[in-house]
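The block underneath contains the structure these notes are about, expressed in structure tokens.
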Amino acid sequence: MCGIIGYTGHLDALTVLLRGLEQLEYRGYDSAGIAMLSGEGEDRLLIKKAGPVATLKDACEELEVRSHCGIGHTRWATHGGVNDTNAHPHIAGKVTLIHNGIIENYHNLIEKFGFRGSLVSETDTEVAARLLDYYYHGDPYEAIRKTIREITGSYAFCIMFEDIHDKIFCVRNVSPMVAAHMEDGSFVASDVTALIPYTKRYFVIPEYQIVTLAGDSVSVQDLKGDPVTPEMLEVNWNVEAAQKNGFPHFMLKEIHEQPEALRNTIMPRLENGLPDFSEDGIPDAVFSGCDKIAIVACGTAMYAGMVGKALIEPILKIPVSVNIASEFRYESPLVDEKTLVLVISQSGETIDTLAALRLSKECGAKVLSVVNVKGSTIARESDHVFYTHAGPEIAVASTKAYMVQLASLYLIGCRMSMARGKFTEAQARDFISRLTSSISAVQKILDNKKRIKEAAAVVAKAQDAFFVGRGLDYAFSLEGALKLKEISYIHAEAYAAGELKHGTIALIEEKTPVIALATQDHIYGKTISNIREVRARGAFVILITKTGAEIPEDICDIHFAVPVPHDRFTVFPVAVILQLLAYYTSDLKGLNVDKPRNLAKSVTVE
Ligand code: F6R
């Protein structure tokens, strides 16, 4: 949600900034802009354009000025429409500023400081720039301290002052920001993907501390001015992982990376065929000491949680709730010292999920988070972290992160069942062996994906699509519908198959695609009956079953079989079919698969 990059050093700042913005564009692509300090006595240079980074790049083509210090921003609009004026950076007097987050009290600040009538843009960010300039009398630290004392909300700010020619100042609250220094200079960015071409060592900027980037150093101080030594982290993936590597889109590449992501997440946690979390530092007491589980997440991560619930609850026989983070935080949730709160987040920065985590801790619950990004805020604030090892996920639509979130929930469910005496060692070993065999089932779907494209050709012509299933299949179908609607803009809904006839079946017309999931033996017959109901009304049925299932005559138009013998594990290959169906549908419609309209990766606003 907005990408920010800053650089000072001996390299050409324009090149570094544009490259960084390209890497960060998945965080927002409404507009992009850069500002550079072009040296003693000269003006600041500001270029900002509505549209993608490519438009900004074109505008910079003829630029002759060379600079070694600058900041860049790619925007996901919140306050103010998408246009050049509202694009960042914003300039006020001596201050140039970029921002990721939301300043909640910007209206009050406008009144309190008399800014009304003199603002150029409609953004909350410009108010922060004005405030900084108001307080700036030559001491950047004093101005920053005074400004953040006035501001409520979330922010990651990168600030340049007109009369300080080679330095960038940064401060944040909630919104993510990382920094690094190496021989080439000093860098700051919203996330490490922009730093990877230069270094693997970085640190997460601590909240409410001021970071100063100079060409030869990066220093951190607290609000009293005392120096702070940040904790250095190291990325465990390389620059290729954040590139397309021959695939037309990041999404397709990431779908294909799933077998490896599953292996990386599962295998290091197996000891003698059983789940072992000693390397993660997660003791069994976390699993045995609770009497209920509350899963909290947003979007795809929440749908992974729905699968987790459908899997775990019947085995553990304790209540497992799945909660939309943005609702949970405002609803006095039933969470106490005996609740294990399972927080799921790819980015580890989703603000609603983070707020739900904080609330859970206030209620005395233990928080175990399943997170992909090392050192992210959710990871740092949880009691225990279970890292997924998907590597960087660049496509806005989540695929491989979902897959490893599922694998993590399966591992956690298995360990928890052992810790609570619900699984014998032999049962746990059998569960794990089925889990690891699912990886080859995922690979088989990838190897035979051509037919999925044929199915997508039909879906691409539709205005609506329905995903139906019962039990675990229903949980899988929720994610299938989300994937399709977010990248193909086709209205898609997931329904528990038996529920459709209570209203929604009215929407089924001749050729309406219904993606029917029937991979659960104990309810197979029931699901087939529900499919007959839509079939009778002309639906175009794409049926997914296990290999070997008995398919009644004329029940579907297209059939896919997943090579997984046990019902509990069908989600892994099913997810790939649904992801590819969405991918090909979007691609056939000629849409921007990796950057669907109105969306952004890492949702750091409420
Ligand atoms: C959809 C998607 C989103 C995210 C959601 C939570 O494809 O990616 O629904 O799953 O915004 O994000 P994280 O997992 O980063 O908390």
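In each ligand, atom 1 is the first atom listed, and ligand 1 is the first ligand listed.
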Cation-pi geometry met for R568 and Y410 (6.0 Å, 45°): no
Region of E486 engaging ligand 1 - heavy atom pairs below 4.0 Å: side chain
Ligand 1 atoms in contact with A397 (distance to a heavy atom under 4.0 Å): 7 (O)
Contacting atoms of ligand 1, where contact means under 4.0 angstrom from a heavy atom of S347: 13 (P), 15 (O), 16 (O)
Counterpart residues, side chain to side chain contact (heavy atoms under 4.5 Å, CB included), relative to R597 (two or more places apart): Y489
Salt bridge (charged side-chain N to carboxylate O under 4.0 Å, His left out) partners of D567, counting only residues at least two apart: K546
Atoms of ligand 1, numbered as shown, that sit under 4.0 Å from any heavy atom of G299: 9 (O)
Gap between atom CG of L591 and atom CD1 of I490 - 0.5 Å precision: 8.5 Å
Where ligand 1 meets A301 - atom numbers and elements under 4.0 angstrom, heavy-atom basis: 10 (O), 14 (O)
Structural part of K483 in contact with ligand 1, heavy atom criterion under 4.0 angstrom: side chain
N-O pairing of K453 and D587 below 4.0 Å: no
Lys/Arg N to Asp/Glu carboxylate O, E279 vs R269, below 4.0 Å: no
Close approach of V396 to ligand 1, heavy atoms, under 4.0 angstrom: yes
